[in-house]
Amino acid sequence: MIKSTIAMILAALATTSTAAAPVSNAPETKINPVALSYATEFRATTAEVTGIEQNPDFATSTFVTPDGHEWAICDELTVGVEYLVVFDTMGTDNLTDDEVVAMIPFSAE
């Protein structure tokens, strides 16, 4: 039930546009539509973006989850912002094969 609810929320986020103009400095939700299309088991946690490396063709952002694991994705996130991270578990208990499906910025305030 939780897994299908997460999938439905992510699908809605991926296809919904807002009528209001985005705030120029507001962090964006990032969704990997390919990973979302085949993911069947999810887990979610929070993470703070700790760094970003700019390259001529792409950006790599790093973030740390509360369990101490450091992750990287090829996308530009906002350093210092806390995100809800949704992972595809790949059907295993091994965290090292998990794939990031979505990064949703939020304020803990």
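Keep in mind that the numbers below use all heavy atoms, side chains included, and drop hydrogens, waters and symmetry copies. Source: prediction; values computed, not measured.
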* Under a single-linkage rule joining Ile, Leu, Val, Met, Phe, Trp and Tyr whose side-chain heavy atoms are separated by less than 4.5 Å, which residues share a cluster with Val64? -> none

* **Residue pairs, two or more places apart or on separate chains, that pass salt bridge (charged side-chain N to carboxylate O under 4.0 Å, His left out) and touch residues 87-106** => Arg43-Asp98

* To do: Output, in order, the C-alpha distance, side-chain angles, deciding distance and verdict of side-chain hydrogen bond (donor to acceptor under 3.5 Å, both in side chains) for Thr45 and Thr65.
  => CA-CA 7 Å; Thr45 189; Thr65 52; 5.8 Å; no

* Applying the 4.5 Å side-chain criterion to the ILVMFWY set and letting contacts propagate, would Trp71 and Ile52 be lumped into a single cluster? -> yes

* **side chain to side chain contact (heavy atoms under 4.5 Å, CB included) evaluation trace for Val79 with Thr50** => CA-CA 6 Å; Val79 175; Thr50 56; over 6 Å; no

* **Atom pair OG1 (Thr96) and NE2 (His69), whose distance is rounded to the nearest 0.5 Å** => 7.5 Å

* Identify the two heavy atoms, one from Pro66 and one from Thr46, that lie closest to each other, and give their separation to 0.1 Å. => CD-O, 2.9 Å

* Which residue pairs satisfy the salt bridge (charged side-chain N to carboxylate O under 4.0 Å, His left out) criterion with at least one member in residues 62-76, sequence neighbours excluded? -> Lys30-Asp75

* **Donor-acceptor under 3.5 Å (Ser61 side chain, Leu77 main chain)** => yes

* **Whether Asn55 side chain and Asp57 backbone form a donor-acceptor pair below 3.5 Å** => no

* Do Phe42 and Met90 share a hydrophobic cluster, counting only Ile, Leu, Val, Met, Phe, Trp and Tyr and linking them when any side-chain heavy atoms are less than 4.5 Å apart? -> no

* Does one hydrophobic cluster hold both Ile104 and Val85, with members joined at side-chain heavy-atom distances below 4.5 Å? -> no

* Kindly assign one of parallel, tilted or perpendicular to the pair Phe87 and Phe63, based on the angle between their ring planes and the thresholds 30° and 60°. => tilted

* Structure fact -> Minimal heavy-atom distance between Val81 and Pro105, with the atoms involved, is CG1-CB, 4.1 Å

